[in-house]
Amino acid sequence: MPRLSRRFYLRDPVTLARALLGQALVRVLDDGTRLAGRIVETEAYLGEIDRAAHSYGGRRTARNAAMWGPAGHAYVYFIYGLHHCMNVVAEGPGKPTAVLIRALEPLEGLARMRAHRAGRGPARRLRDTDLCSGPAKLAQALQLDRGLDGADLVAGDALFLERGARVAPGRIVVTPRIGVAYAGEWADKPLRFCIGGNPHVS
DNA sequence: ATGACGATTTACT
DNA sequence: GTAAATCGTCATA
């Protein structure tokens with residue numbers, strides 16, 4: 001499958017969040033193992049005006065530097081002392097908007113994903129729907145961490161996106177974002193996008 | 001130097 | 001449904 005080009009990412013975050021549904025996120029490990037999943041859930045973060053965004057109010061720090069950079073790069077951050085989450089940077093540079101990837105339908109390398117996810121807890125076998133059904137789960141399954149923060153999804157070899165089957169607009173379910181109750185009126189805005197009925201959504 | 005806080009997940013009552 | 005886990009980051013001093 002062809003890789004998505006820079007042009008694909010050069011759009012506003014809402015349009016990009018919708019367009020990312022159905023595309024394949026691919027992670028190539030250091031040993032060459034290929035892991036892949038179909039994007040089934042995303043959230044748009046609108047930058048300086050968006051109280052839920054890390055770049056709210058023009059906040060620009062070492063952590064969120066990638067958000068301020070060019071479109072088509074990854075923004076990977078560490079949260080709650082134990083989890084990582086991955087975003088795709090939109091627009092930019094200078095417009096700190098991004099799309100959080102919240103869930104994948106696993107496509108390739110499920111055994112390896114399962115091994116990564118089984119790190120803690122009992123050795124019971126996880127169901128396919130438990131592998132990537134959440135932003136920190138998919139980061140763990142694909143071994144995404146701060147080492148991949150800022151990675152170029154267009155030119156890099158370890159992390160990129162490939163063209164998938166188009167998702168009809170009518171199949172997209174829109175809801176408020178998860179986990180941003182602190183964001184006042186921004187907590188209620190319809191900025192979360194899912195493929196309706198997909199069992200791999202968080 | 002210190003303190004409060006997460007764009008979450010998991011286990012347990 | 002509630003709470004613990006767990007620490008980098010950032011604002012305040």
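In what follows, every heavy atom counts, from backbone to side chain, and hydrogens, waters and symmetry copies are set aside. Remember, predicted model here, so these are calculated numbers, not experimental data. So that the names make sense, note that chain A is the first sequence line, chain B the second, and so on, each numbered from 1.
- Taking a 6.0 Å sphere around NZ of K189(A), one finds it holds more than 12 heavy atoms contributed by other residues, nucleotides or ligands.
- Across all strands shown, A52(A) has heavy atoms under 4.0 Å from base atoms, whether or not it also approaches the sugar-phosphate.
- Comment: R177(A) does not engage E43(A) in a salt bridge, judged by the lack of any side-chain N to carboxylate O separation of less than 4.0 angstrom.
- In this structure, R63(A) fails the cation-pi test against F78(A), since its NZ or CZ atom is not both closer than 6.0 Å to the six-membered ring centre and inside 45 degrees of the ring normal.
- Across all non-hydrogen atoms, the minimal contact from L100(A) to M86(A) is CD1-O, 3.5 Å.
- Residues V201(A) and I195(A) share a closest heavy-atom pair of CG2-O, 4.1 Å.
- Using a 4.0 Å heavy-atom cutoff across all strands shown, M86(A) reaches no nucleic acid atom at all.
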- prompt: What's the verdict on salt bridge (Lys or Arg N to Asp or Glu O under 4.0 Å) for R114(A) and D130(A), showing C-alpha distance, side-chain angles and the deciding distance?
  reply: CA-CA 9 Å; R114(A) 191 166 276 112; D130(A) 291 323; over 6 Å; no
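- Counting only N and O atoms by type, the side chains of E48(A) and S55(A) include no donor and acceptor under 3.5 Å apart.
- Secondary-structure stems of DNA chain B, taken as three or more successive Watson-Crick or G-U wobble pairs (i with j, i+1 with j-1) under a 3.5 Å distance threshold, comprise B:1-6 with C:7-12, B:8-12 with C:1-5.
- The cationic atom of R11(A) (NZ for Lys, CZ for Arg) lies less than 6.0 Å from the six-membered ring centre of F8(A) and within 45° of the ring axis.
- Note on residues 13-25 of chain A: pairs passing side-chain hydrogen bond (donor to acceptor under 3.5 Å, both in side chains), not counting sequence neighbours, are D12(A)-T15(A).
- To the nearest angstrom, P of dT10(B) lies 11 Å from CZ of R127(A).
- For the pair N87(A) CG and dT8(B) C1', the computed distance is 14 Å after rounding to whole Å.
- Note: OH (Y77(A)) to P (dC5(B)) measures 18 Å, nearest angstrom.
- L131(A) places its CG atom 11 Å from the P atom of dT10(B), with the value rounded to the nearest Å.
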Restricting to nitrogen or oxygen on both sides, can you table the protein-nucleotides 4-9 of chain C pairs closer than 3.5 Å?
unit_1, atom_1, unit_2, atom_2, d
dT6(C), O2, Y80(A), O, 2.4

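- Taken residue by residue, residues 185-202 of chain A places no heavy atom nearer than 4.0 Å to DNA chain B.
- Here the straight-line distance linking atom CG of L35(A) with atom CG of L29(A) works out to 4.5 Å at 0.5 Å rounding.
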Show me, pair by pair, the donor-acceptor contacts under 3.5 angstrom made by side chains of residues 159-174 of chain A, not counting sequence neighbours?
unit_1, atom_1, unit_2, atom_2, d
E162(A), OE1, R34(A), NH2, 3.1
E162(A), OE2, R34(A), NH1, 3.2
R171(A), NH2, G196(A), O, 2.9

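- Residues Y77(A) and H54(A) place their aromatic rings such that the two centres sit under 6.0 Å apart.
- By the rule that hydrophobic residues join a cluster once side-chain heavy atoms approach within less than 4.5 Å of another member, L82(A) and I79(A) end up as members of one cluster.
- One can place CG of N64(A) at 14 Å from C1' of dG6(B), the figure rounded to the nearest angstrom.
- Of the residues in residues 93-103 of chain A, those with a non-hydrogen atom less than 4.0 angstrom from any atom of DNA chain B are L100(A), R102(A).
- For the OP1/OP2 pair of dA7(B) and a distance below 4.0 Å, the side-chain nitrogens and oxygens of Y182(A) include at least one atom meeting the criterion.
- The heavy-atom pair separating V89(A) from A66(A) by the smallest distance is CG2-O, 3.4 Å.
- Whole-Å rounding puts the R177(A) CZ to dG6(B) C1' distance at 15 Å.
- We find that CD of E41(A) is positioned 16 Å from P of dA7(B), with the value rounded to whole Å.
- If you check dT8(B), dT10(B), dA7(B) against the side chain of R117(A), the one that comes closest is dT10(B).
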